[in-house]
Amino acid sequence: MGLGQRTERANGLIVAIDGPSGAGKSTITRRLAERFSYVYIDTGAMYRTLALAVSRAGVSGDDDNRVIEICRGAKLSYSGANGLPRITLDNEDVADLIRTPEISLLTSKIASKKAVRELLLHKQREMGKEGGVILEGRDIGTVVFPDADVKFFLSASAEERGRRRYLELKAKGVPVDLENTVAEVLARDRQDESRDHAPLKQAEDAMAIDSTSLSIDEVVAVMAGVIEKRLAQALPSSCGGND
Ligand code: DC
């Protein structure tokens, strides 16, 4: 565990970061994971990898039975020590292949299915239960770890999130157009917020942060401060003198 702190969990805190796409969650979560030497769990990458498996099988995202069958059979592995995620499908590193606009839309569709969510829910709980983890997603603070030690809900305006996604894709050489990217962000928001199972929603006890006009460094500084404060509270009682 980073910084030598102890908590009630074996490896440290469970930190949940939820919010819509393009709010800066990935970069920020990675930075925080590095800083605290925590495991970075990118739950969106796990849903994306299942979508890639569905796409490769040539199955429509509307075919519930086949989608679930493919997801159950998909050989997905994830590791994320010190902020460095590695995700594979059938032993192939798929980090770049899961970031296309087509896979983004298909992911949103398959992530609305209860059976698909249950598959990953168990995996995510198993990976995080000992603590020392930062998970980013949509339902971490509400469903996956409602008892997380620290919860954030990170958002930004749809225009700003679309603009960021556009710049990110453009830098990778993916042919994109700004208007379409903003429209895709809005379409995904609607799909993620309106689904019946584990919709994107702020947990009541999450700290809300709007990153529209904040830099990554500013957001990381605020969040790291909150995590440090929580870690200080979790120090063994011997530090308080009554152990
Ligand atoms: O965070 P991301 O953009 O990589 O997520 C991709 C899609 O997966 C997005 O449409 C929402 C969905 N998702 C989800 O439903 N639950 C999560 N915990 C993480 C992502």
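As the structure lists them, so they are numbered: ligands from 1, and atoms in each ligand from 1.
- Donor-acceptor pairing under 3.5 Å is lacking for the side chains of S104 and E184.
- Judged by the shortest distance from any of its heavy atoms, H197 lies outside the 4.0 Å radius around the atoms of ligand 1.
- Atoms of ligand 1 found under 4.0 Å from any heavy atom of R165 (numbered from 1 in listed order, with element): 3 (O).
- Among all protein heavy atoms, the one lying closest to atom 19 (C) of ligand 1 is T43 OG1, 3.4 Å.
- Of the N or O atoms in S104, none lie within a sub-3.5 Å distance of an N or O in ligand 1.
- If you check which protein heavy atom lies closest to atom 12 (C) of ligand 1, you get A111 CB, 4.0 Å.
- Nearest protein heavy-atom neighbour of atom 20 (C) of ligand 1: G44 CA, 3.6 Å.
- Taking the charged nitrogens against the carboxylate oxygens, R99 and D42 do have a contact shorter than 4.0 Å, which makes a salt bridge.
- Comment: E159 does not engage R163 in a salt bridge, judged by the lack of any side-chain N to carboxylate O separation of less than 4.0 angstrom.
- Between K151 and D18 there is no salt bridge, since none of the side-chain N atoms of the basic residue sits less than 4.0 Å from a carboxylate O of the acidic one.
- With respect to K114 and E118, a salt bridge is recorded, a charged nitrogen being found less than 4.0 Å from a carboxylate O.
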Given R165 and E168, is the salt bridge (charged side-chain N to carboxylate O under 4.0 Å, His left out) satisfied, shown in steps? CA-CA 5 Å; R165 187 67 91 199; E168 198 181 301; 3.2 Å; yes

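- S211 places a side-chain N or O within 3.5 Å of a backbone atom of A23 that can act as its donor or acceptor partner.
- In summary, K75 and D90 do not engage in a salt bridge, as defined by a charged side-chain N under 4.0 Å from a carboxylate O.
- Those atoms of ligand 1 that come under 4.0 Å of a heavy atom in R195, given as number and element, are 14 (C), 15 (O), 16 (N).
- Where the criterion is an N or O separation shorter than 3.5 Å, residue side chain and backbone included, R117 meets it with respect to ligand 1.
- Across R188, K109, E136, R138, heavy-atom proximity to atom 1 (O) of ligand 1 is greatest for R138.
- Residue-ligand proximity, S108 to ligand 1, at heavy-atom distances under 4.0 Å covers atoms 10 (O).
- Of all atoms in ligand 1, listed by their number and element, those nearer than 4.0 Å to a heavy atom of T107 are 6 (C), 7 (C), 8 (O).
- At least one N/O-N/O distance between R48 and ligand 1 falls below 3.5 Å.
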